[in-house]
Amino acid sequence: MSRSRRYNDTCVGKKAGGTHGNVILGCRDAEIAQLTNITSSPHERLSKVVPGKARLPVSPVKMLAGRECNYNGRGRFSLADSCHVLSRYLPVNGPSEIDKMKSCAYVSQFSADGSLFVAGFQESHIRIYNVDNGWKIQKDIRARSLRWTITDTSLSPDCRLLAYSSISPVVHIVDVGSAAKESHANITEIHEGLEFSSNAEDYEDYSFGIFSVKFSADGRELVAASNDKSIYVYDLEAKRVSLRIKAHKSDVNAVCFADESGHIIYSGSDDHLCKVWDRRCFDTKEQPAGVLMGHLEGITFIDTRGDGRYFISNGKDQAIKLWDIRKMSSNVEYTPVCGYDEWDYRWMSYPEHIRNMRHPDDLSVATYKGHTVLRTLIRCYFSPENSTAQKYIYTGSADFSVYIYDLVSGAQVAKLDFHEDTVRDCHWHPFYPMMVTSSWDGAIARWEFPGSGGSPTPVTRTRRRRRSFY
């Protein structure tokens, strides 16, 4: 993930991959457009509370009037009705500062029920905030065996355990539910270490690092992505690595389970490829079920829609891609098309003359552009299913902002400006119109709708030392 892009040996004589011409933005897939429309449109009768032709969107007043008159025959809103109302209220008001640290904030994460929020910082700090109790710090964690920074955190589905990773072959587990507020590794509490490598040399330098770690839906397994080009699955009950896949030709920066079954895994790498792995038909050849090509540079993050079909990836080619795995290529030996030779995203701007290049074999169904992916592994997500029907995509950015895009049209619907440095991560509350952003300026900020009506906290722009790496 930290190497400059030099793939001359695999570019089969090309100076830069792709073809010239404007990238087509927005979704070209009719199925997901229709699916998004169905899951975020009101009941037909609710859209005709007053005489005349139904017009969307239906105002909240009309929606509430229709519910009170039981126009849909249910006496309540369906999930689609609720999403139609809530998805109009974007978390763009504010922000208010939750916390401010002296080190870079790398990770933001709400728990599945929205009751907890996790923030991971560079200088070995992880804080867990109780959202329902005025954002008070519930757990103040001092990480163990930290190398450079906290690269990722993951809460178990029951919110009892927190896994955190670093540039190290060990993932540590913290008991979130314990009574102690201060959790200093192996001083006030035991942080159980899960070893992902048996090679002694991996523990002596930065040769082995885990960049992404996720719990399975049942909380029994962890999946991890590492810079040894591999994916690991760790069995928490057996306390051992149950599967290692030599997945890519470069650092694996992102990995996740596709859905609740845990059978399918998505991965993204600095080799520019996203791959799909089906554990049900996995054999000793370690071949993926399919390959998805379309990025011209490395992938920084992956987020699944949770339906086992669609996912998005953020790329160093300054684009988010939406994928349908039913369109994946069976050419598992595909040679990645190179990007711009000798460009390094950690300290160089993306060359303007290749910004709109198109991959000749692009399999994505949508592309989203406007944000900046530089200096670190910036993350992107689908908006929540329960409040927005996942009709938006949002991402941090190296230009200190957060961008929100419409899933279907690809249009930028909001841009949040507050921070003084790169926004590496951000997370939307699973049920409320609330977003929390974390930045390298050390600030954790909360955005809401409608908010308190007050103006945002004043920002004094200061010249900060440019940081790079991971």
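Everything quoted here is computed from the prediction, not taken from an experiment.
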Open item on the list: Between Ser87 and Thr388, do the side chains contain a donor N or O and an acceptor N or O under 3.5 Å apart?
Closed with: no
Open item on the list: With no hydrogens and no angle check, just 3.5 Å: does a side-chain donor-acceptor pair link Asp152 and Tyr106?
Closed with: no
Open item on the list: Ring centres under 6.0 Å, that's the criterion: do Tyr310 and Trp323 meet it?
Closed with: no
Task: By side chain to side chain donor-acceptor pair (under 3.5 Å) - contacts of Tyr129 (at least two apart) - done: Asp99
Open item on the list: Angle between ring planes, His427 versus Tyr381, binned at 30° and 60°: parallel, tilted or perpendicular?
Closed with: tilted
Task: Plane angle bin for His429 and Tyr432 - parallel if under 30°, tilted between 30 and 60°, otherwise perpendicular - done: parallel
- [ ] Say whether, by atom type as modelled, one donor and one acceptor occur between the side chain of Ser216 and the main chain of Glu221 under 3.5 angstrom.
- [x] yes
TODO: Would you please name every residue forming a salt bridge (charged side-chain N to carboxylate O under 4.0 Å, His left out) with Glu385, sequence neighbours left out?
DONE: none
Task: side-chain contact (heavy atoms from CB on, under 4.5 Å) against Ser40, all qualifying residues, sequence neighbours excluded - done: Thr36, Ala389, Lys391
Open item on the list: Run the side-chain contact (heavy atoms from CB on, under 4.5 Å) test against Val291 and tell me which residues pass, sequence neighbours left out.
Closed with: Leu273, Lys275, Pro288, Met293, Val332
TODO: Decide whether Arg244 and Ser230 meet the rule of one side-chain donor and one side-chain acceptor closer than 3.5 Å.
DONE: yes
Task: Carboxylate-amine/guanidinium proximity below 4.0 Å for Asp317 and Arg355 - done: no
Task: His419 (side chain) donor-acceptor with Asp421 (main chain) under 3.5 angstrom - done: no
- [ ] For residues Glu448 and Asn93, determine if any side-chain heavy atom of one lies less than 4.5 Å from a side-chain heavy atom of the other.
- [x] no
TODO: Using the side-chain contact (heavy atoms from CB on, under 4.5 Å) rule, pick out the option among Val171, Val233, Val241 that qualifies with Leu222.
DONE: Val171
Open item on the list: Could you check whether His295 and Ser313, counting side-chain N and O atoms only, form a donor-acceptor pair closer than 3.5 Å?
Closed with: yes
Open item on the list: Please tell me whether Ser166 and Thr151 have a donor and an acceptor in their side chains that are separated by less than 3.5 angstrom.
Closed with: no
TODO: Mark yes or no for whether Trp343, through its side chain, and Ser349, through its backbone, hold a donor-acceptor pair below 3.5 Å.
DONE: yes
- [ ] Determine, stepwise, if the pair Tyr164 / His191 fulfils ring pair (Phe, Tyr, Trp, His ring centres under 6.0 Å).
- [x] CA-CA 10 Å; Tyr164 66 85; His191 292 191; 5.8 Å; yes
Open item on the list: Testing the 3.5 Å rule here: is there a donor-acceptor pair between the side chains of Asn331 and Ser329?
Closed with: no
Task: For Tyr368, all residues meeting ring pair (Phe, Tyr, Trp, His ring centres under 6.0 Å), sequence neighbours excluded - done: none
Open item on the list: According to side chain to side chain donor-acceptor pair (under 3.5 Å), who are the partners of Trp277, at least two apart in sequence or on a separate chain?
Closed with: Ser267
Open item on the list: Can you tell me which residue among Ser108, Cys426, Cys104 is in a side-chain contact (heavy atoms from CB on, under 4.5 Å) with Ser438?
Closed with: Ser108
Open item on the list: My understanding is that only residues two or more places apart in sequence, or in another chain, count here; which of them pass salt bridge (charged side-chain N to carboxylate O under 4.0 Å, His left out) with Asp399?
Closed with: none
Open item on the list: What's the separation between atom CG in Leu377 and atom OG in Ser212, rounded to the nearest 0.5 Å?
Closed with: 9.5 Å
Task: Short side-chain to backbone donor-acceptor contact, Asp278 and Ala289, under 3.5 Å - done: no
Open item on the list: Please determine whether a side-chain nitrogen of the Lys or Arg among Arg142 and Glu123 lies less than 4.0 Å from a carboxylate oxygen of the Asp or Glu.
Closed with: no
Open item on the list: Under a 3.5 Å threshold, yes or no: a donor from one side chain and an acceptor from the other, between Thr304 and Asp259?
Closed with: no
Task: Partner residues of Gln412 under the side chain to side chain donor-acceptor pair (under 3.5 Å) criterion, sequence neighbours left out - done: none
TODO: Please work out whether the ring planes of Phe449 and Tyr89 are parallel, tilted or perpendicular, with thresholds of 30° and 60°.
DONE: tilted
- [ ] Please identify each residue that fulfils side chain to side chain donor-acceptor pair (under 3.5 Å) with Tyr392, with sequence neighbours left out.
- [x] none
Open item on the list: Any carboxylate oxygen within less than 4.0 angstrom of a Lys/Arg side-chain nitrogen, looking at Asp324 and Arg305?
Closed with: no
Task: Salt-bridge present (Glu31, Arg326; N to O < 4.0 Å) - done: yes
- [ ] Indicate yes or no: does Asp271 engage Lys229 in a salt bridge with an N to O separation below 4.0 Å.
- [x] no
TODO: Please round to the nearest 0.5 Å and tell me the distance separating atom CD1 of Ile320 and atom CD1 of Ile393.
DONE: 6.0 Å
Open item on the list: Suppose we screen for ring pair (Phe, Tyr, Trp, His ring centres under 6.0 Å). Which residues come up paired with Tyr234, at least two apart in sequence or across chains?
Closed with: Phe196
Task: Results of ring pair (Phe, Tyr, Trp, His ring centres under 6.0 Å) for Tyr405 - residues two or more places apart only - done: His371
Task: Pairing residues for Arg88 by the salt bridge (charged side-chain N to carboxylate O under 4.0 Å, His left out) criterion, not counting sequence neighbours - done: none
Task: Pair Lys249-Asp270, salt bridge (charged side-chain N to carboxylate O under 4.0 Å, His left out): steps then yes or no - done: CA-CA 8 Å; Lys249 296 180 179 179; Asp270 270 341; over 6 Å; no
- [ ] Decide, yes or no, whether a salt bridge links Asp140 with Arg127 under the criterion of side-chain N to carboxylate O below 4.0 Å.
- [x] yes
